[in-house]
Amino acid sequence: MTASQGTGLDIVPFVDLTAQYPAIQGEVDAALRDVFERCDFILGRAVEAFEGAFARFIGVEHAVGVSNGLDALCLSLRGLSIGAGDEVILPANTYIATALAVSAVGARPVLVDCDPSTFEMDVAGIEAAINRRTRAIIPVHLAGQAADMRSVMDVAQRHEVVVIEDAAQAHGTQYEGVPVGGLGAVGCFSFYPGKNLGAYGDGGMITTHDAVLAARLRQLRNYGQQVKYEHVEKGVNARLDSMQAAILNVKLRHLPAWNQAREQHAQAYLDLLDGVGDIRFQSPVANSTHVYHLFMIVSDHRDALQAHLTAAGIQTGIHYPIPIHLQSAYQDLGYGPGDFPHTEYLARRMLSLPMFPELQEHQIKRVTTAIETFFI
Ligand SMILES: *Cc1c(COP(=O)(O)O)cnc(C)c1O
């Protein structure tokens with residue numbers, strides 16, 4: 001018996017945040033009450049505790065809590081003194097935030113295409129895009145799988161540029177046994193509510209092994225001051241909120257189990273959709289785990305398939321429908337259609353299926369059955 005049988009059609013949501021709170025309500029409410037009683041709302045004890053716990057989770061010395069994932073990237077670039085006149089290489093196949101951070105500090109985003117099978121940044125493209133103005137590479141661990149980090153680190157070392165990991169979709173992903181966010185000069189995380197580790201609002205984190213850089217980042221996020229009212233540089237207000245930190249500290253304890261649940265759901269999708277229609281999947285990256293922030297499928301009939309699923313009460317997502325180089329906001333970069341063919345190919349064909357830890361077996365069955373029906 002499926003949930004759709006009965007009077008109304010039950011929706012299979014793309015992400016269901018309401019399914020999670022009841023399971024952790026006691027812990028979350030208690031953690032918030034502690035903050036309310038202390039009233040240390042700005043850079044309070046909860047921020048310090050969560051920074052310590054997150055640093056241990058990623059296996060780095062330092063974690064700096066910031067306001068969101070975009071600010072994590074912006075502050076990292078500023079902390080590494082990257083700005084006007086500099087170029088930063090990043091994948092065309094990513095969320096626009098990766099590029100916006102580079103623009104925000106006055107540097108130029110230089111895009112490279114993706115690998116058509118893993119959907120991750122194509123390393124041959126990096127090599128071709130590097131020149132004497134290049135200061136950094138931002139690999140994105142897309143959908144929860146690591147970029148080809150051995151090759152990225154190798155190119156970066158040979159050309160003496162830094163690596164800033166965009167790990168906003170990869171909390172807990174391991175590459176060669178090392179958590180991502182601990183491989184480059186810095187790792188940037190987002191705690192947007194729908195991410196694998198999500199706040200009840202906005203939040204972000206920068207991870208690093210470098211004590212000097214960590215100190216500068218702490219200063220930059222807090223008005224450029226170490227001592228109150230002594231401003232050594234022109235910083236910003238980009239602090240992680242104490243209440244979000246308290247919630248995130250509770251949720252971090254559950255993250256490994258949640259990531260494991262996502263992996264099981266992905267395995268179920270892969271088994272049930274094997275050989276169905278023209279569907280293809282994201283290929284594994286060698287030596288990377290996958291925490292399935294997104295479960296993506298590729299089909300030449302994507303738009304009709306999505307409409308079919310919507311009619312069947314199944315919510316899906318497209319990540320991302322318009323590549324960065326074709327966005328109106330980025331016409332100034334001078335790119336055009338055809339410049340990044342693999343990214344453009346995916347933008348027309350990829351579809352993200354419902355994925356969250358609390359997803360039920362019967363919901364997965366409804367999704368896969370509906371896809372099978374479409375291809376009959
Ligand atoms: C979500 C996301 C960001 C931005 O995070 P926010 O917290 O929403 O600012 C950056 N990069 C990638 C790849 C993301 O998925």
Side-chain angles (χ1 to χ4, degrees), residues 14-15 17 50 54 63-78 88-105 109 111-112 114 118-121 136-147 149 152 163-173 180-181 183-184 186-207 221 236-241 244-245 247-248 251 259 262 282 285 288 290-296 317-324 327 329-330 343 346-347 350 352 355-356:
F14 178 62
V15 174
L17 296 177
F50 177 56
F54 198 77
V64 181
V66 295
S67 39
N68 55 61
L70 174 60
D71 282 337
L73 289 161
C74 290
L75 292 182
S76 294
L77 289 158
R78 283 197 63 187
V88 176
I89 297 174
L90 58 122
N93 189 31
T94 178
Y95 182 53
I96 197 162
T98 321
L100 286 176
V102 176
S103 315
V105 301
L111 305 179
V112 303
C114 63
T118 65
F119 313 164
E120 307 285 347
M121 193 175 196
I137 304 169
I138 311 185
V140 178
H141 306 305
L142 195 74
Q145 187 167 230
M149 286 302 287
V152 170
V163 172
I164 298 168
E165 296 176 75
D166 183 339
Q169 302 186 1
H171 316 73
T173 303
V180 302
L183 298 160
V186 289
C188 298
F189 291 85
S190 162
F191 304 123
Y192 180 81
K195 303 282 159 109
N196 288 37
L197 181 59
Y200 288 9
D202 278 309
M205 189 72 86
I206 307 170
T207 51
R221 75 168 170 186
V236 291
N237 179 353
R239 303 172 295 225
L240 178 63
D241 184 275
Q244 300 304 338
I247 293 164
L248 288 162
K251 292 188 67 175
N259 280 345
R262 285 174 182 271
Q282 187 184 18
V285 170
S288 174
H290 200 323
V291 296
Y292 290 100
H293 172 58
L294 300 170
F295 185 86
M296 298 172 158
I318 297 175
H319 303 92
Y320 297 91
I322 307 171
I324 293 168
Q327 295 281 356
Y330 273 123
T343 300
L346 284 175
M350 70 74 44
S352 298
M355 175 56 80
F356 50 94

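If you read the sequence from its start, that first residue is 1, and numbering goes on from there. In each ligand, atom 1 is the first atom listed, and ligand 1 is the first ligand listed.
- The side chain to side chain contact (heavy atoms under 4.5 Å, CB included) search around V291 returns T173, N196, N259, not counting sequence neighbours.
- For a threshold of 3.5 Å applied to N or O pairs, the pair formed by S190 and ligand 1 contains at least one separation below that value.
- For ligand 1, the atoms sitting less than 4.0 Å from at least one non-hydrogen atom of L70 are 4 (C), 5 (O), 6 (P), 9 (O), numbered in the order shown with element in parentheses.
- Across all their heavy atoms, T98 and T94 have their closest contact at OG1-OG1, 2.9 Å.
- Under a 4.0 angstrom heavy-atom cut-off, T94 registers as being in contact with ligand 1.
- Interface atoms of ligand 1 facing N68, defined by a heavy-atom separation under 4.0 Å, are 7 (O), 9 (O).
- Residue contact check: A97 has heavy atoms under 4.0 Å from atoms 3 (C), 4 (C), 10 (C) of ligand 1.
- Applying the salt bridge (Lys or Arg N to Asp or Glu O under 4.0 Å) criterion to R262, with sequence neighbours excluded, gives no partner residue.
- Contact between S76 and I206 at its shortest, heavy atoms only, is OG-CG2, 3.5 Å.
- Heavy atoms of K195 come nearer than 4.0 angstrom to ligand 1 in at least one pair.
- Aromatic ring pairs are classed by plane angle as parallel below 30°, tilted from 30° to 60° and perpendicular above 60°; the pair F189 and H171 is tilted.
- Counting heavy atoms under 4.0 Å from ligand 1, residue D166 touches it through the side chain alone.
- Atom CG of D202 and atom CG of L70 lie 10.0 Å apart (nearest 0.5 Å).
- Of all the heavy atoms of V140, the ones lying under 4.0 Å from any atom of ligand 1 belong exclusively to the side chain.
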